[in-house]
Structure formats: structure tokens, C-alpha cells
Number of protein chains: 2
Amino acid sequence: MTTVQSPGMTIGEAAARLGLTTHTLRYYESEQLLLGSPGRTAAGRRRYDEDDVRWIEMVQRLRATGMPVRAIRAYAELCRAGAGNEDQRLAVLEAHRDEVRRHLAEVTDHLDAINHKIAGYRTVWG
Amino acid sequence: MTTVQSPGMTIGEAAARLGLTTHTLRYYESEQLLLGSPGRTAAGRRRYDEDDVRWIEMVQRLRATGMPVRAIRAYAELCRAGAGNEDQRLAVLEAHRDEVRRHLAEVTDHLDAINHKIAGYRTVWG
DNA sequence: GTCGGACTTCGAGTGCACTCGACGTCAAGC
DNA sequence: GCTTGACGTCGAGTGCACTCGAAGTCCGAC
């Protein structure tokens, strides 16, 4: 029996689409940041489907907002555990949201001070 | 001739005021992030005055907004060089300001997406 | 004068998140 | 059927910014 070409992407295609390297994608998998292992072809090669990619995009958002890899792993574990812990997942996300807001406020504050410094240069020598 | 107690703080006092460790303060100095070496007592101990502390507060702001140590060193070098390069200093600060703004926009965007995810949890199970 | 704690320098160690290299395998085009 | 390039695993290396430890010195209180 010949199987139809399975859907999804090779690791190279997924990496290109996500703006990551294949090395990083395998690293994320080894750190258990993925919801499950991506499928494999008969020859043992990874196949990424749309769900995999969407989850990794979420991982990228969490990383880009400063969530440490081990915290993402904990969140992914909750998601892997299946239904019944949505309250915990929500708590994780809300705590992270608060942390990000705090960080944004702090950076904004520093930015204001830097702008003051810039305005000083402009006033004196501009 | 007895000298009046020199003004300023020990490294420990400066560290406490800045929320840094003495290790970090010496590290910053070794990385040439300071405007000049802080003064020394006759016994060779560092003395930090108000100007030193204010500059280090600026360094903290630049660090907290993501400027790498080597970029701060470059900026400090410009400042140490004395008058005549204010346009370059301004360019450095403005480039950094733009970078920080870009970063803020990106994080804000990710935050929105995370909030959507949170809203999803609330809608379905909340 | 002596004791404790803060100071000195120097180099090594830590934690994080990748990032790379080595080396072997395998699928597809020519 | 043979090359070629993407894939596989594994462990080691990198860059950044601290952070710590060791070993010795010095100041102030008693």
C-alpha cells in the first residue's frame, strides 16, 4: 500500500516559516516546549503540521516577551496534561501578562528619561 | 595638615543606593562604563560622588532598556572625550531610543496576542 | 594593639538560550 | 546507481552579563 504524501512540512520548511533555525526547532523539542512530538515520516523525519506551527508561534510570543524556557516548558506540560487544568493555565498566562505589563511600564519610564537626556543635548547644542 | 573627610560614598554605600552589588560596580568600572575612575582615598579605596552616582543611574537606564555593555562603553568613551562630539552622542541616544520604541511596539503586539489567548480561556471555561 | 568587617585585585564560575560541529543516513534528481 | 543536500543524533562551544571565591590589606571601635 502506497501512502499519500503526508501533509505538513519538513523541519527546514517549518524553520523558514517561523524564522528559526532547524537547530533551534530541535532544541525547543528537546526542551519539551512543544505540545507533543511532531509526527515523523516512515524514515524518521519530523513533519510539522499547522497546529505545530501555531503552537510554536505562541512559544515565540512567550519567549519574545521574556518568559524563560523552563516556564514555557511548565505551561506546555499543563497543556499536554489535557482538559481539567484550564484554571492553572489561565493563572500562568495572567501572571506572565502582569509581568510583561510591569516590564513595559518600567522600560517606558526609562525611555522617558532617555528622551529628557536627548532633549538636553538638543537644547544646549542643537 | 589634616584633610577634611572627603565627600562621597564608599563602594558599599554607592552599591546600596544604586541597588547593585559592589562586584557589579567594580565590573562596570573594569568594562569602562564609567565617565572616569571614581576618586580614591589615600588608602586606595574608591569614593563615589553625586556625579558618579548620577552617571551610573544613566548606565542602569541604558542597561534596563537593553543597550549592551559594549555599546554603553562606546557612549561613555564619547562622553569622556570631552566637548566636540555632542552630535555623535545624540545620534547614539536617538538610535537607542528608536530601538527601544521598536522593542516596545513588538512586545505590546505580543501582549495583545497573549491577552487574546487569555480571553479565549475565559470565554470557554470561565 | 587587636579584632571584625569592608575593602582591594584577579581569575574562575554561573545561568541562560541558543548555536555549532561532527559524523552518519537517506530520498530524490540525473 | 550515484551524487548531493537535507535530515538524524549527540555533545561541545559561544556570548552575554554578571557573580563568586580566594587571599590579602586596611580602617575604626573597643
Taking the side chain from B:Glu77 and the backbone from B:Tyr75, do they hold a donor-acceptor pair closer than 3.5 Å?
no
Just jot down the salt bridge (Lys or Arg N to Asp or Glu O under 4.0 Å) partners of B:Arg45, sequence neighbours excluded, or say none.
none
List the steps, then state whether side-chain contact (heavy atoms from CB on, under 4.5 Å) holds for B:Tyr48 with B:Leu25.
CA-CA 11 Å; B:Tyr48 294 77; B:Leu25 231 28; 4.0 Å; yes
D:dC7 base to A:Arg46 side chain: any donor-acceptor pair below 3.5 Å?
no
Where at least one partner belongs to residues 51-62 of chain A, residue pairs that pass side chain to side chain donor-acceptor pair (under 3.5 Å), sequence neighbours excluded:
A:Asp51-A:Arg54, A:Arg61-B:His110
Write down the distance between CZ (A:Arg47) and C1' (D:dG8), rounded to a whole number of angstrom.
15 Å
Interatomic distance, A:Arg40 CZ vs D:dA6 P [rounded to whole Å]
18 Å
B:Thr21 and B:Tyr27, any side-chain heavy atoms less than 4.5 Å apart:
no
Any B:Arg26 side-chain N or O less than 4.0 Å from OP1/OP2 of C:dT9
no
Interatomic distance, A:Ile11 CD1 vs C:dC26 P [rounded to whole Å]
17 Å
Over how many whole Å does the gap from B:Leu25 atom CG to D:dC20 atom P extend?
15 Å
For nucleotides 14-24 of chain C, just jot down a letter per nucleotide in 5' to 3' order: B, S or -, based on protein non-hydrogen atoms under 4.0 Å.
--SBBBBB---
Between CD of B:Glu13 and P of C:dG5 the distance, given in whole Å, is 17 Å
Using a strict cut-off of less than 4.0 Å between a Lys/Arg side-chain nitrogen and an Asp/Glu carboxylate oxygen, indicate whether A:Arg122 and B:Glu94 qualify as a salt bridge.
yes
